[in-house]
Amino acid sequence: MPEPDRLALPAIAAALGPLASRFDVEALAECDSTNAHLLARAEAGAPSGTVVVAKRQTAGRGRLGRVWHSDDVASLTFSLLWRLPSGTPLGGLSLAVGVAVAEALRELDIQGVALKWPNDILRDGGKLGGILIELVSGAPHAAVIGIGLNLSLPSGLPDEVRKGAAAIDADIGREALLAGLLASLHGVLSGFASTGFLGLRERWLALNAHAGLPVRIVSGYAPPVDGRCLGVDSDGALLLETATGVRRIMSGDVSLRVA
Ligand code: BTN
């Protein structure tokens with residue numbers, strides 16, 4: 001397989017403008033997983049704002065221990081290291097990142113973007129991308145924020161995958177897209193450091209794809225829970241109206257399905 005090109009660093013810096021000094025971007029043609037690569041760099045002391053973007057991942061990681069498949073022509077895969085002030089409550093961090101991604105896409109005129117709790121990026125109901133946050137060992141307030149987005153849907157995609165997927169499908173260069181996402185993440189994560197998720201909750205609620213809808217919460221170790229999605233609490237827990245009252249669902253190992 002030919003080695004894919006790397007993203008162009010000068011174009012990313014130009015699109016970031018004055019914010020370029022806040023980021024240190026490493027552009028790779030290929031790596032196992034940008035999260036794994038950046039976690040190793042973080043453990044060796046890399047500063048906040050370090051970014052790893054790879055055209056191809058050979059062992060991309062998804063939530064719940066799943067493999068994240070991405071096509072090097074048709075996806076953007078990157079990770080950002082962010083060191084939050086020690087003592088910052090991390091509840092809702094992945095929801096905050098979802099807000100940053102969705103708002104950046106809307107800013108770039110991508111229509112139909114919404115969020116599915118806890119951290120899927122949807123477009124017109126299909127999955128456009130995902131977020132995987134991993135904490136750096138020995139530095140509990142340092143987070144590696146991994147983001148994968150579908151730029152287009154490859155023609156050979158099996159029908160059952162295509163059915164539930166969505167893509168950006170717009171004429172935006174990867175460099176401009178990455179810069180837009182980093183700028184949005186910079187604003188949201190700076191806000192998160194001072195107010196936690198509480199200060200971003202209303203923005204998440206405005207993007208909630210399932211507000212007021214019947215949903216089912218599925219986990220690998222407990223029976224499913226059905227209810228109506230009321231929104232999220234100040235720490236990012238899902239608020240579910242069930243037959244026995246309002247329940248708070250923590251994101252740990254669960255997934256939300258449309259009932
Ligand atoms: C999910 O399961 O929805 C989360 C997927 C996150 C994938 C991204 S791609 C860039 C970064 N590197 C990884 O190995 N995973 C994340």
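As the structure is a computational prediction, the values presented were derived from the model and not from experiment. We count ligands from 1, going down the list as the structure has it; atoms in each ligand are counted the same way.
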Which protein non-hydrogen atom lies closest to atom 2 (O) of ligand 1, naming both residue and atom, and how far is it?
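Here the closest protein heavy atom is R63 N, 2.7 Å.
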
Considering heavy atoms of the protein only, find what lies nearest to atom 11 (C) of ligand 1 and give residue, atom and distance to 0.1 Å.
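Scanning the protein heavy atoms, the shortest distance from atom 11 (C) of ligand 1 goes to T34 OG1, 3.3 Å.
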
Any nitrogen or oxygen of T77, main chain or side chain, under 3.5 Å from a nitrogen or oxygen of ligand 1?
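So ligand 1 has no N or O lying under 3.5 Å from an N or O of T77.
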
Pairs of nitrogen or oxygen atoms closer than 3.5 Å, one from W68 and one from ligand 1: do any exist?
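No, no N or O pair falls under 3.5 Å.
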
Would T34 and Q57 count as having a side-chain donor-acceptor pair, cut-off 3.5 Å?
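Yes, a side-chain donor-acceptor pair sits under 3.5 Å.
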
Under a 3.5 Å cutoff, is there a donor and acceptor pairing between the side chains of T244 and T242?
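Yes, a side-chain donor-acceptor pair sits under 3.5 Å.
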
Side chain, backbone, both or neither: which part of [X] comes within less than 4.0 Å of ligand 1 when only heavy atoms are counted?
X	value
N119	neither
S79	side chain
I147	backbone

More than 12 heavy atoms from other groups under 6.0 Å of CZ on R247
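It does not: R247 CZ has 12 such atoms or fewer within range.
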
Without swapping roles, check the side chain of R174 against the backbone of S75 for a donor-acceptor pair under 3.5 Å.
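Flag set: sc R174 to bb S75 pair under 3.5 Å.
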
Before accepting this row, confirm whether a basic side-chain N of the pair R248/D235 lies closer than 4.0 Å to the acidic partner's carboxylate O.
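D235 and R248: salt-bridged.
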
Ring-plane angle category for W82 and F23, please: parallel below 30°, perpendicular beyond 60°, tilted otherwise.
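Rings of W82 and F23: tilted, 30 to 60°.
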
Establish whether L132 and L115 are linked, either directly or via other cluster members, by ILVMFWY side-chain heavy-atom contacts under 4.5 Å.
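Different clusters: L132 never reaches L115 through Ile, Leu, Val, Met, Phe, Trp or Tyr contacts under 4.5 Å.
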
Do I249 and L205 belong together in a cluster built from hydrophobic side chains that touch within less than 4.5 Å?
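Yes, same cluster.
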
Which is closest to atom 12 (N) of ligand 1 in terms of heavy atoms, R61, R66, E134, Q57?
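It is Q57 that holds the nearest heavy atom.
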
Show the atoms of ligand 1 that are less than 4.0 angstrom away from any heavy atom in [X].
X	value
G60	14 (O)
S33	12 (N), 13 (C), 14 (O)
I131	4 (C)
G148	8 (C), 9 (S)
K127	1 (C), 3 (O)

So E30 and L28, side chain to side chain contact (heavy atoms under 4.5 Å, CB included) or not? Walk me through it.
CA-CA 5 Å; E30 178 176 301; L28 301 173; over 6 Å; no

